Structures are given as C-alpha cells and as structure tokens.
Amino acid sequence: MWMTAALACMLGSCVQQPVPVSPGIDPAPRTGPLERRTQEPLPARKADVAFIFVGGFAEPVLLQFREVYEQLPPLPCEGTQLRAYYAWESGTGNLLFHSTWKLQRDLRAFLALNPAADVVLVGHSYGGSAIMDALRGVADVPHTGKVLVLTVDPVSRRERSKPRERAPQVDFWVNSYCYPYRNVRDVAAKIGGPWRECPQADMNLHFSALQRDAEGRRYAHVYPRPLLMDAPGGQEKSAFQHLLDACHKLRIGKRAE
C-alpha cells in the first residue's frame, strides 16, 4: 500500500478527519485512521443483499469514496443486507500486477451461501472497471439473484478493461461521468483512461467541470460524491436515485417464498 499512498499524497492532503457513519450499516465500518485505509470484506454469511463499494487509485489517502461508503444509508429494501468496501487492486498496493482476486474470492463464498441474493456494486475511478473485471471473473458461479452496477467516472484498468464491456450478469448499469476535467488532481484519471459515456450502460449521466456542485466546487473526478448524489444539469434525478429506482423495479431484497 505504501506505493499507492506515496503517489496519492501528490494529489492531495494526507490528513483526513473521520465523518459520521450512517446507522444501520452491517458490518459497521471501522473508523480508525489506519483502519479507514483498509478493506472491509464481504462476510460469508446468510443475507438477501450484498452492497459492495470499490474505491479508486487515490483512496488510501484521499478517502473520498470511503466517505461515500460510510455515509450512504442501507438500501431501502427488505431482508438482511451486508456491506463491503474494497480497493481497486484488492489492497495489495501493487500498481503493476493488480487483481480483483479478493473481491472475486469473497463473492464466490457469499454466493455459495446465498445463490438467490441480489448484488449491488458501486465503483469509482479504477473501482468502476474493477467491478466489471470481478463480475466477469465469477460469471461461472450459479446465481439467480439480480446484479446492479453503478460506475462513478470509471477509468480503465489496463488491457483487461479496454473493451469497457458490460459483465454478462449485469441486470442494470447506470454510469455517471465527468468531462472535460479541470481539476489538477484528476491527472491519475487522465493517465488511466476515463471511460466517459458507455454505450452498453442502461443510462449515462454527464457532468461538466465547467459547472459547480452545491458546495461551490467544480465537478471533478476526484470528488465522487457529487457525481453520485447530484442530478446533472437539465435532469431531475441523480445516479444514486436511478439506482434506487432500479432496486424498486427489480424487487431487490427479500422475496416471498
């Protein structure tokens, strides 16, 4: 992790204050200074929904998407819901030989216990492409539940994700992206290769860095929360609201026996 942290320090401050954690999250997020920079693996226990977050390149230092994971309330659906948080490279700190093997391993164990459970994945930056990589890696696992994906300004993860293809299990995909970039700290996204509009997504929401969010900041790759929670100009709903609509339409959560 030290290599990732050292490079990420170039993009912003290394000092982060804990934020209030939304109640009802299971397992409860760890909030210590070092613990917030580690993964929160998906537990292998009985549940109806897995709600999984995957952060991007600078997460070990900036913790922007970690705050989203901590602050978003549980999905409004019936049944037992488990939450998890992963790094785009499985927390190895290796930027050259990265892999989503930990997320794949935990998803396999979870689905072995819960083959009918629904899976909702939200990924930012390299975490967006990591989600699709991980799903393709577990496509052979028997599963009858729904799979919903929300990508927040996804970025390529080298050769495996250059096609930017939708994983075969995905029932709904909303993609939120920012273009053009104006924030100097968005250099990592430019180097990696932003996906921008994804033709295979069910919905694409475009934010311009020439516009500002409710806090007066220009929309930027490095600030994922507004790209998730704001409605872009001329539209009524945010990416997260569209995800909630899909959860309702597809009856995510506990179903009648």
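Remember, it's a predicted structure, so these values are computed and weren't measured experimentally. Sequence positions, counted from 1, serve as the residue numbers for this chain.
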**Q** Just by distance, no angles: are the side chains of Thr31 and Arg36 close enough, under 3.5 Å, to form a donor-acceptor pair?
**A** no

**Q** Going by ring-ring contact (aromatic ring centres under 6.0 Å, His included), name the pairs with one or both residues in residues 29-51, residues two or more places apart or in two chains.
**A**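 Counting only pairs at least two positions apart or across chains, the ring-ring contact (aromatic ring centres under 6.0 Å, His included) contacts touching residues 29-51 are Phe51-Phe53.
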
**Q** Establish, for the pair Arg212 and Tyr219, whether the NZ or CZ atom is under 6.0 angstrom from the six-membered ring centre and no further than 45 degrees off its axis.
**A** no

**Q** Which pair of heavy atoms, one from Ala214 and one from Asp230, lies closest together, and at what distance?
**A**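 Reported closest heavy-atom pair: N-OD2, 4.2 Å.
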
**Q** Using a strict 4.0 Å threshold on nitrogen-to-oxygen distance, state whether Asp186 and Arg218 make a salt bridge.
**A** no

**Q** Counting C-beta onward and ignoring hydrogens, is there a side-chain heavy-atom pair between Arg45 and Phe110 closer than 4.5 Å?
**A**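 No - every pair of side-chain heavy atoms lies 4.5 Å or more apart.
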
**Q** Are any of the side-chain nitrogens in Arg30 or Glu40 under 4.0 Å away from the carboxylate oxygens of its partner?
**A**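 Answer for the salt bridge query: yes.
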
**Q** Is a side-chain donor-acceptor pair under 3.5 Å present for Thr151 with Trp195?
**A** no

**Q** Do we see a donor-acceptor contact under 3.5 Å between the side chains of Tyr86 and Glu59?
**A** no

**Q** Please give me the minimum heavy-atom distance between Leu205 and Lys237, naming the atom from each residue.
**A**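 Where Leu205 meets Lys237 most closely, the heavy atoms are CD1-O, 4.2 Å.
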
**Q** With a 4.5 Å limit on heavy-atom distance, are the side chains of Glu70 and Pro20 in contact?
**A** no

**Q** Does the pair Lys254/Asp118 count as a salt bridge with the N-to-O cut at 4.0 Å?
**A** no

**Q** Keeping Arg136 on the side-chain end and Glu165 on the backbone end, is there a donor-acceptor pair under 3.5 Å?
**A**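 At least one qualifying donor-acceptor pair exists.
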
**Q** So how far is it from Met203 CE to Cys198 SG, rounded to the nearest 0.5 Å?
**A** 13.5 Å

**Q** Any side-chain donor paired with an acceptor under 3.5 Å for Asp133 and Tyr126?
**A** no

**Q** Between CE of Met132 and OG of Ser156, what distance do you get to the nearest 0.5 Å?
**A**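 Atom-to-atom, Met132:CE and Ser156:OG are 12.5 Å apart.
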
**Q** Measuring only between side-chain heavy atoms, which start at C-beta, is Leu148 closer than 4.5 Å to Cys247?
**A**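 Side chain of Leu148 against side chain of Cys247, heavy atoms only: contact under 4.5 Å found.
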
**Q** Kindly indicate whether the side chain of Leu244, heavy atoms from C-beta on, has any atom under 4.5 Å from the side chain of Pro76.
**A**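 Leu244 reaches Pro76 side chain to side chain.
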
